[in-house]
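Residue numbering restarts at 1 for every chain, and letters A, B, ... go by the order of the sequence lines.
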Amino acid sequence: VAAIADRYAIVGVGESERSRSSGKSTLRMAVEASRSAIADAGLEASDIDCVLSYKHSDSCDSHMVATYLGIRPTYFMDAVGGGASTEMLVADAIGLIEAGICETALIYRSMNGRSGKRMGGERDPDLHESMETLIPGGSFLVPYGITTPAQQFAMVANRHMWETGTTEEHLGHVCITFYEHAGLNPKALLHGQTLTMEDYLKAPFLVTPFRLHDCCVETDEANALIVTSAERARSCARVPVHISGVSARSGVPHAHHYAVRDITEVGGHFAAPQVFGMAGLTPADVDVAAFYDCFSWVVLVQLEAYGFVARGDAGPFAAEGHLRLGGTLPSNTAGGMSAEGYTHGMNNVIELVRQLRHEYAGTPRQAEDCEVGLATGWDGPRAASALVLRR
Amino acid sequence: VGHPDLTKPVPVDDPDHRCYWEAAGRGELALQQCATCGEFSHPPGPGCPHCGGAELAWVTLGSSVTGVVYSFIVVQRAFLESFADDVPYVVALADVDGAPGVRITANVLGAEPGDVSIGMPVRMVWPERPGGRRMPQWSANEEGAD
């Protein structure tokens with residue numbers, strides 16, 4: 001595995017416009033995001049020979065995206081990896097390039113997540129069907145009224161919080177921090193929206209322990225990034241961000257997470273030694289982070305799973321401001337899925353790349369002197385993916 | 001606001017799960033047990049998640065089943081219309097007494113959300129839903145665990 005470390009890089013990132021109502025097809029947004037990432041890398045569309053996507057909800061086909069970029073892919077694939085897809089597809093791209101199947105991979109995620117197919121934000125008549133069939137053991141949950149990811153993960157959050165003493169204020173601190181970061185990002189959906197602890201605690205519960213602000217935003221947007229070898233990266237336009245460690249997609253010992261003996265043990269507990277082991281680094285080496293944040297609590301459990309803090313210390317860690325820009329571990333610095341946008345985590349990875357390039361140098365948004373970053377993906381508590389990136 | 005004619009989702013018909021739901025229709029709990037390692041497993045499936053064993057037997061625990069709440073949620077906002085009249089409702093994950101390693105997810109019936117807690121003893125019941133379907137449910141067990 002050490003042979004792979006730092007031999008591949010993310011060389012381009014891009015996105016479409018972000019809104020609550022795009023008025024565009026997911027195909028058009030995917031093509032726009034892809035063109036943006038290709039231009040960012042200083043490449044031509046014809047340099048791309050591999051197209052990979054996370055295709056769930058209303059996303060579009062990777063062969064279609066290639067078609068409208070005017071290229072013929074040597075390899076294309078639409079995967080369903082949930083919130084662990086971005087890091088997984090980066091790992092897949094490395095494997096494909098390493099095997100000589102392709103040279104430069106475009107990875108995208110496109111969704112009209114607010115105006116089109118929503119993930120659970122309203123009473124979607126199709127949702128219980130997809131929960132029953134997509135979630136392992138789903139038909140032992142849905143008939144009892146666990147019909148959304150919020151409800152499904154809340155069961156794990158409540159047990160974790162009961163065991164560790166994590167409080168609702170601790171969750172609030174995660175939200176407040178990421179809303180503050182969105183305040184520095186004019187492209188964040190909730191840019192300019194401040195959040196106080198009083199506001200947070202006043203909002204009604206959707207399902208205990210999750211209130212309104214604990215749940216990520218829903219947006220219409222596409223994101224894209226480009227992976228190629230470190231050699232090719234040297235001739236690209238930007239400072240290459242090297243991939244030092246990968247955990248492609250690690251699962252807990254049972255696909256139906258509630259059947260795991262300790263349900264507070266999540267995918268990240270298994271991904272962490274893999275991703276840090278490959279990179280030859282430890283959590284103490286990480287300067288800036290992008291934690292999957294579909295719900296605020298998910299950030300806290302990952303801080304513990306990836307070894308940044310001891311079990312039970314994540315809540316106080318967030319409350320002490322460590323996740324803020326200027327803190328010891330600036331995280332989700334564009335506002336995260338909590339307040340920037342929601343593409344199942346790809347927007348968080350794009351922001352991490354930009355931080356490691358020092359694109360915000362001289363502004364309050366720049367995480368100072370950052371060289372090493374961690375991005376995590378979460379496909380529910382049962383599976384995780386992760387990348388250690390290095391400038 | 002929910003509509004009275006809206007029925008709640010029922011379990012998808014899966015041949016691997018059928019014995020479990022058929023037993024529920026009789027007001028009994030049936031579980032899979034591995035012939036190789038002896039462990040129970042739930043949800044049921046085509047192999048043993050503990051040892052990979054291929055031979056599994058169905059064992060009935062009868063109609064007197066108790067458990068202890070391991071975790072629970074209180075749903076304040078329903079995302080399916082058919083649950084809209086039920087909010088706030090409780091879904092609990094409870095360890096089944098006498099079947100080590102087995103936890104079953106079900107509603108806690110007849111309890112106010114504020115009365116449900118981790119560690120609370122519960123008893124399994126199999127009420128009929130509109131449409132005649134019977135499913136395992138939990139109810140507060142006033143007598144404590146057996």
Side-chain angles (χ1 to χ4, degrees), chain A residues 118-163 203-212 215 252-264, chain B residues 2 6-14 16-17 20-21 24 40-45 49-50 69-84 86-95 100-109 113 116-119 129 133 135-138:
Chain A
R118 300 176 69 179
M119 291 304 296
E122 67 178 17
R123 293 165 184 175
D124 178 350
D126 297 334
L127 193 70
H128 77 267
E129 278 181 36
S130 66
M131 280 285 292
E132 277 205 61
T133 51
L134 275 178
I135 307 292
S139 57
F140 294 86
L141 305 178
V142 172
Y144 297 102
I146 295 186
T147 61
T148 67
Q151 294 161 350
Q152 191 199 351
F153 304 167
M155 188 75 82
V156 186
N158 277 328
R159 178 73 193 190
H160 171 267
M161 292 171 74
W162 181 82
E163 286 188 11
F205 284 110
L206 303 179
V207 51
T208 54
F210 301 144
R211 296 176 159 89
L212 174 69
C215 305
V252 300
H254 201 297
H256 180 72
H257 189 73
Y258 291 3
V260 175
R261 199 80 288 266
D262 172 8
I263 67 170
T264 69
Chain B
L6 278 175
T7 50
K8 293 186 168 70
V10 295
V12 293
D13 182 34
D14 181 329
D16 288 335
H17 302 163
Y20 178 86
W21 296 115
F40 288 101
S41 63
H42 179 78
H50 304 282
V69 173
Y70 173 79
S71 190
F72 69 99
I73 59 172
V74 181
V75 178
Q76 303 280 3
R77 183 181 155 193
F79 286 83
L80 291 181
E81 288 287 349
S82 53
F83 286 95
D86 297 344
V87 293
Y89 63 89
V90 179
V91 193
L93 179 61
D95 284 296
V102 171
R103 289 194 187 111
I104 288 179
T105 306
N107 302 115
V108 180
L109 305 179
V116 178
S117 59
I118 290 174
R129 278 197 174 177
R133 184 84 187 227
M135 298 195 319
Q137 293 283 20
W138 296 115

Relative to chain A, which segment of B:V75 carries a heavy atom at a distance below 4.5 Å: side chain, backbone, both, or neither? both
Heavy-atom contact with chain A under 4.5 Å, split by part of B:P88: neither
Tell me whether A:N158 contacts the main-chain N or O of B:F72 through its side chain, where contact means a donor paired with an acceptor under 3.5 Å. yes
Main-chain N/O of B:T105 paired with A:Y258 side-chain donor or acceptor, under 3.5 Å: no
Side chain B:D14, main chain B:D16, donor-acceptor under 3.5 Å: yes
Closest non-hydrogen atom pair, B:P136 against B:W21: CD-CZ3, 3.7 Å
Closest-packed option against chain A by number of heavy-atom pairs under 4.5 Å, given B:H50, B:Q76, B:Q137: B:Q76
Cut-off 4.5 Å, heavy atoms of chain A, and the answer for B:D95 is side chain
Max heavy-atom pair count under 4.5 Å with chain B, selected residue of A:H160, A:R261, A:H256: A:R261
Between B:R103 and A:V260 (side chain of the first, backbone of the second, donor and acceptor by atom type, cut-off under 3.5 Å), is there such a pair? yes
B:Y70, part contacting chain A, at a heavy-atom distance under 4.5 Å: both
Under 4.5 Å to a heavy atom of chain A? For B:R129 that would be side chain
Find the one option among B:V102, B:V12, B:I118, B:D86 whose heavy-atom pairs under 4.5 Å with chain A are most numerous. B:I118
Closest heavy-atom contact between B:P44 and B:Y20? CG-CB, 4.3 Å
